[in-house]
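So the structure is just underneath, and the comments pick up after that.
Whatever order the structure lists ligands and atoms in, that order sets their numbers, starting from 1.
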Amino acid sequence: MRVLVTGGAGYIGSHTAKELSNQGMEPVVYDNLIHGHREACKWGPFIQGELHDLERLRECLREHKIEAVIHFAAYAYVGESMKDPGKYFWNNVEGSLSLIRAMRQESVNLMVFSSSCATYGIPESVPISEAEIQKPINPYGETKLIVERALHWYAQASPLKYAALRYFNAAGADKSGEIGEDHTPETHLIPLAIEAVLGKRDPLKIFGTDYPTRDGTAERDYIHVEDLARAHVSALHHLANGNDSFCCNLGTGNGSTVREVLDELEKIAGKPVPADPAPRREGDPPSLVADPSLAEKLLGWKAENNLSDILQDAYRWHTK
Ligand code: UFG
């Protein structure tokens, strides 16, 4: 199958392009390289383009005889989205609508969409199942929810089928060390903690030590990027086999607090991670942990890596 991977030069996109290729499919990467890395596109053709460029997208779908799309391309900085929502609505929403329009016009009917647990906001109950009400608390999460809803209605009115995959905290790196997490600016806990322990940046700030959790620090469900990549390919097979559209969580079902992440990293690095308590970061929920049972039921997918695997692979990538 020939698959267009928008945002395929980015973190999760590049790992998924590699997995598609490993499973005998042909990834065609479409990325504007604003945050992506050209050198992370090694598994098929690369096209530099904007989602808003409808004609370019249509031409690309035609020329490469694309049969399905995995849509990652989006801005994903929650803090930035609070300050500049317009940037997020323009890129994440209008860009996605342009992509769906191009797919409709070229009769490409399968899409796997990169959604987020940020669509749930502050959940009523944890672990979070797909039955949880989606009430985003930032524009980033809102843009992901709007695209999920657009896909829902397009799927009612056309042959389009979609899978919306709501990831929890993507982390880790490709086990062969070929690609990894490389954001500019970096805001995520695991790469920042690794750089702090390697002395490449100032001590980590622990955002909030007064949460109602085991140790007062915020709890997240860290999911290995290779597990996420496998889930995307499984979701594509599921749709291609004629099954219905669906939305599902991708997480491990196990939460780790910031302090637990730092303790585990200390074991791998062999030294303590320099870290200082700091005030809570605006918009951070206390605890986000997935109930991943629907993904297992529908796709036969389960995370294979735990926090220690994630940290070992991320550490290897950062020390390379
Ligand atoms: N954290 C720190 N110090 C830091 C960075 C993070 O203590 O320097 C804490 C955060 O407060 C949070 C946890 O580490 O409790 C994880 O933070 P990340 O920034 O790594 O990830 P988030 O949970 O904020 O964000 C992730 C995805 C987003 C998505 C969001 C949903 O990266 O794309 O989950 O809540 F929107």
Would you check ligand 1 and list the protein residues that come within less than 4.0 Å of it by any heavy atom, ordered by chain and number? A76, V78, S116, C117, A118, Y140, N169, T187, H188, L189, L192, L204, K205, I206, F207, A218, R220, Y222, V258, R281, D284, L288
[X] and [Y]: side-chain donor and acceptor closer than 3.5 Å?
{"X": "S129", "Y": "D291", "result": "no"}
{"X": "Y167", "Y": "S114", "result": "yes"}
{"X": "R166", "Y": "Y120", "result": "yes"}

Using the test ring-ring contact (aromatic ring centres under 6.0 Å, His included), find all partners of Y162 that sit at least two apart in sequence or belong to another chain. none
Let me check something: any side-chain donor-acceptor pairs from residues 33-43 under 3.5 Å, sequence neighbours excluded? List them with distances.
unit_1: H37; atom_1: NE2; unit_2: D182; atom_2: O; d: 2.7
unit_1: R38; atom_1: NH1; unit_2: C41; atom_2: O; d: 3.4

All N/O donor-acceptor pairs, side-chain side in residues 262-272, below 3.5 Å, sequence neighbours left out:
unit_1: E264; atom_1: OE1; unit_2: K267; atom_2: NZ; d: 3.2

